[in-house]
There are 2 protein chains.
Amino acid sequence: MSNAIERRVPQQERGERRIAELLAAAEVVLSETGFEATTMKAVAQQAGASIGAVYQYFDNKEAVAHALLAQYDAEMDRRWVNLEEATRALSVEELAQRFVDVMIRFIEQHPAYIVVLFAPGTHKRDVKVQNRLRERLALVFRSRNRRLSKEQSLLVATLTLQMIKSMNSLYALSKAGERATLVEEYKLALAAYLTSRLAG
Amino acid sequence: MSNAIERRVPQQERGERRIAELLAAAEVVLSETGFEATTMKAVAQQAGASIGAVYQYFDNKEAVAHALLAQYDAEMDRRWVNLEEATRALSVEELAQRFVDVMIRFIEQHPAYIVVLFAPGTHKRDVKVQNRLRERLALVFRSRNRRLSKEQSLLVATLTLQMIKSMNSLYALSKAGERATLVEEYKLALAAYLTSRLAG
DNA sequence: TTAGAATATGAGCAGGTGCTCACATTGTCA
DNA sequence: TGACAATGTGAGCACCTGCTCATATTCTAA
């Protein structure tokens, strides 16, 4: 459609630093402003850079969100390596609780996570990104119920992640006093679902 | 904040017709374009009217979405009057299935429903709108488990509606062939959750 | 038939955003 | 130190959108 100008790949350390600064700035702006209202100018300002600098490395806002999501995904993956081993001894209830707890902590540390997760186009463009965690989850489910096909376990993982997403958006909107109750309810719901799926 | 000009309240039949046309147009545009990309000009065009006409009745895009949501909500409420009575004889599993089925049919008939439901500000502004269905649901849940407090039953209703929302967004994105499986899985998940909550 | 109310029109202004490009600065390396 | 590459800057253009308002058209009712 448009013949966009080529973006720079950082060659020096300061280039990489800049990218990191820009992403950190984007995290702040996105979490405070939401995706739509976030402006490239605002990101630049927050990073103490010029708009020009942003466009050296990113085509547009979507690209920034995408890079941030990729970063989050890598971090998430780091936390969940060996998910199966680490949770093997847990009951299904405990598994559900553990999963919810870790995800809650993650979004508290990275408040822009749900923003980029729900950003327009995320669904279509970043399926592969979401998939890493989904596949780790599916593996856990399959190891607990051998009768689940690969597709079935992926579907269970999909619903699980959707429940987390849904919880996250409510969590972000609710007052601090209500959050504990909300989280408990989601743990219960997830446990009920997983129990019915992993029994046997 | 801004002293917006006063909008017109229709006095003649053609005024009401216009509003209906505009909302119908908005439904088309919103479902095809999504909320953010939808433009007042596009809505006017789709309705065969001028931008001026749109601004006679609506302050802005949010107002249009809000009116559409209110319309959907009224329709939904019409379908669910006597929800309790109509479902009293059903088992919890059947209740979950019935609920999912009706909601799926609704969004197939009104593809803009999830768009306005997820539109920015919907959460904050239209709590009351969402609440009607939520309260009907809560009533059903309480009548099935008297030990649930009012707050608890509302929470259960909230999670239930969130599951529906989540299903809807996946449903809209998935291919026709996968939809049946998806819907079945959500029925199962909802049934599991509700069973654990309404048992006793 | 006609006055006045209701409704309809769309050019145009104010304001904002995306993104570029010519130029300035900083880093690297021989 | 000099030469070139890498990075940084921000004024400014092109574009778009929300929304208004002066004006035109249609309706109502006596």
Side-chain angles (χ1 to χ4, degrees), chain A residues 1-26 29-30 32-68 115 119-121 125, chain B residues 1-26 29-30 32-68 115 119-121 125:
Chain A
M1 199 142 311
S2 65
N3 35 357
I5 269 200
E6 281 171 37
R7 301 300 150 184
R8 211 173 271 274
V9 173
Q11 310 285 331
Q12 303 177 354
E13 200 217 336
R14 91 183 132 140
E16 284 166 22
R17 220 166 38 224
R18 213 356 66 109
I19 291 188
E21 286 165 4
L22 288 172
L23 286 180
V29 177
L30 282 168
E32 285 176 354
T33 324
F35 183 79
E36 300 305 333
T38 289
T39 236
M40 292 297 249
K41 206 169 260 172
V43 172
Q45 238 159 356
Q46 173 75 24
S50 62
I51 340 111
V54 182
Y55 282 99
Q56 301 240 0
Y57 302 107
F58 299 103
D59 277 338
N60 48 42
K61 192 164 55 168
E62 274 81 17
V64 175
H66 180 265
L68 204 55
V115 174
R125 277 201 334 274
Chain B
M1 200 140 314
S2 66
N3 35 357
I5 268 199
E6 280 171 38
R7 300 301 149 184
R8 209 173 273 273
V9 173
Q11 311 285 330
Q12 303 178 355
E13 199 217 338
R14 86 183 137 140
E16 283 166 23
R17 222 169 34 228
R18 237 308 105 95
I19 290 188
E21 287 165 4
L22 288 171
L23 286 179
V29 177
L30 282 168
E32 284 176 356
T33 324
F35 182 79
E36 299 305 333
T38 290
T39 238
M40 293 296 249
K41 206 169 261 170
V43 172
Q45 237 159 356
Q46 172 74 25
S50 61
I51 339 111
V54 183
Y55 283 99
Q56 302 238 2
Y57 302 107
F58 299 103
D59 277 339
N60 48 42
K61 193 162 58 168
E62 274 82 17
V64 175
H66 181 266
L68 204 56
V115 174
R125 277 202 333 275

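Since the model is a prediction, treat every value here as computed from it, not as a measurement. What you see below is based on every heavy atom in this structure, not just the backbone, and it leaves out hydrogens, waters and symmetry mates. Numbered from 1 within each chain, the chains take letters A, B, ... in sequence-line order.
- Taking every side-chain heavy atom of Asn60(B) into account, dC19(D) is the closest of dC19(D), dT7(D), dG18(C).
- Atom pair Lys61(B):NZ and dC16(D):C1' shows a separation of 12 Å (rounding to whole Å applied).
- Among dA6(D), dT9(D), dG10(D), the nucleotide with an atom closest to any side-chain atom of Ala53(A) is dT9(D).
- Separating the CZ atom of Arg7(A) from the C1' atom of dG8(D) is a distance of 14 Å, rounded to the nearest angstrom.
- In this structure, the OH atom of Tyr55(A) is 16 Å from the P atom of dG10(D), given to the nearest Å.
- Atoms CD1 (Ile19(A)) and P (dA6(D)) sit 14 Å apart, rounded to a whole Å.
- Distance Glu13(A) CD to dG8(D) C1': 16 Å, rounded to the nearest Å.
- In this structure, Tyr57(B) reaches the dA8(C) phosphate: one of its side-chain N or O atoms is under 4.0 Å from OP1 or OP2.
- Going from atom CD of Gln11(B) over to atom P of dG4(C) covers 18 Å, rounded to whole Å.
- For dA8(C), one of the phosphate oxygens OP1 or OP2 lies less than 4.0 angstrom from a side-chain nitrogen or oxygen of Arg18(B).
- For Gln45(B) and dG18(D), the CD to P distance is 13 Å, given to the nearest whole Å.
- Closest to the side chain of Gln12(A), from the set dA8(C), dG8(D), dG27(C), is dG27(C).
- The side chain of Arg8(A) approaches dT7(D) more closely than any other nucleotide in the set dA6(C), dT7(D), dA8(C).
- Distances from the side chain of Ser50(A) to the nucleotides dT7(C), dC19(D), dG8(D) place dG8(D) closest.
- At a cut-off of 3.5 angstrom, counting only N and O atoms as typed in the model, there is a donor on one side and an acceptor on the other between the side-chain of Gln56(A) and the base of dG8(D).
- Within the 4.0 angstrom heavy-atom criterion, no nucleotide atom of any strand lies near Val54(B).
- Between the NZ atom of Lys41(B) and the C1' atom of dT20(D) there is a distance of 13 Å, rounded to whole Å.
- Between Thr39(A) and dG18(C) there is a side-chain polar atom (N or O) within less than 4.0 angstrom of OP1 or OP2.
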